[in-house]
Amino acid sequence: MMATQYNRLVPKYLRTLNSKSGLYQFEEFLDRLRLWLKSIHFFYFVPRFVRHYIPPMNFLYKKYIRNMTWIDNYLIGFVKERRKEIENTPKEEALSSDILTLLICANTDREKYPIKSNDEFSRPMTDEEIRYCIFEVIGGGIDTTSHSTSFLIYYLCKSPEKKAKVYAEIDNIFKGDKTRPVTYDDIEKLVYVEAAAKESSRLMPIVPSVFKRAINDVMIGGLNWKSGQEFFVHQHYIHHNKSHWPNPKEFIPERFLGDTNKIEKNSFIPFGGGIRQCPGRHLGMIANECHELKLYIRPRKD
Ligand code: HEM
């Protein structure tokens with residue numbers, strides 16, 4: 001989405017920074033996203049009373065809230081702008097399939113793949129709801145995917161023997177054609193590539209732990225948790241636990257080949273779990289595999 005925005009906002013011949021250009025605002029947006037990321041820990045760990053009343057925490061608090069308001073307004077601007085564009089597009093003209101367009105058109109007569117149901121969610125979403133979704137996708141979908149790819153490349157570079165297997169599989173499917181687009185069929189056939197991507201996310205889960213709250217009294221891991229109690233599930237630790245993963249520090253994609261039923265339930269959770277499991281998990285995994293492909297299909301420089 002960011003790359004598309006960049007290309008849309010700034011024609012090639014204008015790609016220099018000046019304070020009025022959309023690109024300038026976009027750069028500011030990225031800076032503010034970084035600040036927002038920093039502020040997450042502040043809101044997690046600084047108690048409410050301290051952040052409201054004790055200097056300098058209360059100044060930081062105000063700064064972070066101002067930052068969040070700026071981001072909200074910026075994103076709402078996109079939603080409104082795109083909504084107007086869609087309204088001005090004749091019905092017979094096809095719309096693009098980007099996430100923003102799909103969200104705006106959901107449950108309207110412009111929806112591409114309508115789902116019939118009569119529940120409380122069968123109404124078009126408000127600008128505010130779409131803004132939340134877009135922000136989640138930006139926050140949850142971009143760095144996670146790019147960092148996953150970086151670690152995959154890292155582990156493959158460290159394991160020439162495994163990398164050779166990735167090459168062999170890619171060669172077998174693409175037969176030397178370096179230009180044709182990657183299809184869904186290819187992705188299905190690339191089992192070793194997928195196994196390598198999974199093994200890399202086992203060794204280095206990009207989100208190392210997730211935050212959960214018990215909604216009932218429950219026993220997990222032999223401990224009793226009270227309703228309302230909050231805790232972290234530590235993926236990194238689980239992925240390195242010897243009882244689930246023999247030689248846990250070694251990069252062995254073969255673990256994910258063959259009968260995957262032997263992988264113990266909940267011992268591989270790079271995308272979290274439960275009802276709030278990552279909704280972008282398939283997209284993230286496919287993007288990861290496609291990056292791997294693009295890289296290795298090219299002329300090879302080891
Ligand atoms: C390799 C890439 C990715 C990894 C490792 C990853 C990992 C995660 C994890 C661990 C969670 C928390 C799940 C939990 O609480 O149990 C999460 C949530 C989320 N992810 Fe991803 N993600 C990736 C890609 C994406 C992509 C591509 C998108 C969107 C297009 C996305 C959107 C989201 C959203 C919206 C949530 C919040 C879900 C909720 O709270 O209900 N993620 N992701």
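Atoms within each ligand, like the ligands themselves, are counted from 1 in listed order.
In terms of protein heavy atoms, atom 37 (C) of ligand 1 is closest to E136 OE1, 3.6 Å. Looking at atom 13 (C) of ligand 1, its nearest protein heavy atom turns out to be R276 O, 3.3 Å. Looking only at protein heavy atoms, the nearest one to atom 1 (C) of ligand 1 is S148 OG, 3.3 Å. Protein heavy atom closest to atom 10 (C) of ligand 1, with residue, atom name and distance, is P270 O, 3.4 Å.
Heavy atoms of other residues, nucleotides or ligands lying less than 6.0 angstrom from OH of Y237 number 12 at most. Atom CD1 of I215 has 12 or fewer neighbouring heavy atoms from other residues, nucleotides or ligands inside a 6.0 Å radius. Other residues, nucleotides and ligands contribute more than 12 heavy atoms inside 6.0 Å of the CZ atom of F45.
Close approach of ligand 1 to V210 is summarised as follows: ligand atoms under 4.0 Å from at least one heavy atom of the residue are 10 (C), 12 (C), 14 (C), 15 (O). Close approach of ligand 1 to G273 (heavy-atom distance below 4.0 Å) involves ligand atoms 16 (O). The atoms of ligand 1 that sit less than 4.0 Å from any heavy atom of V137 are 29 (C), 30 (C). For ligand 1, the atoms lying closer than 4.0 Å to a non-hydrogen atom of L283 are 30 (C).
R180 and D186 are joined by a salt bridge, as a carboxylate oxygen and a charged side-chain nitrogen come within less than 4.0 angstrom of each other. Here E250 does not pair with K158 in a salt bridge; the nearest charged N to carboxylate O distance is not below 4.0 Å. For R131 and E136, the salt-bridge test fails: no basic side-chain N is under 4.0 Å from an acidic carboxylate O. Between K162 and E254 there is a salt bridge, with a side-chain nitrogen of the basic residue lying less than 4.0 Å from a carboxylate oxygen of the acidic one. By the 4.0 Å N-to-carboxylate-O rule, E81 lies too far from K84 to be salt-bridged with it.
Scored by the salt bridge (charged side-chain N to carboxylate O under 4.0 Å, His left out) test, R276 finds no partners at all (sequence neighbours excluded). Take K212 and apply the salt bridge (charged side-chain N to carboxylate O under 4.0 Å, His left out) test, not counting sequence neighbours, and it matches no residue. The salt bridge (charged side-chain N to carboxylate O under 4.0 Å, His left out) search around K262 returns none, not counting sequence neighbours.
In plain terms, the two heavy atoms of A196 and L156 that are nearest each other are CB-CD2, 4.4 Å.
Within the protein, the N, O or S atoms lying under 2.8 Å from atom 21 (Fe) of ligand 1 are C278 SG.
Remark: distances from the non-hydrogen atoms of K212 to ligand 1 include one below 4.0 Å. Within the structure, the closest approach of G274 to ligand 1 does not fall below 4.0 Å when heavy atoms are considered.
Residue contacts with ligand 1, taken as heavy atom pairs separated by less than 4.0 Å, involve Q235 solely via side-chain atoms from C-beta onward. With a heavy-atom cut-off of 4.0 Å, A287 does not touch ligand 1 at all.
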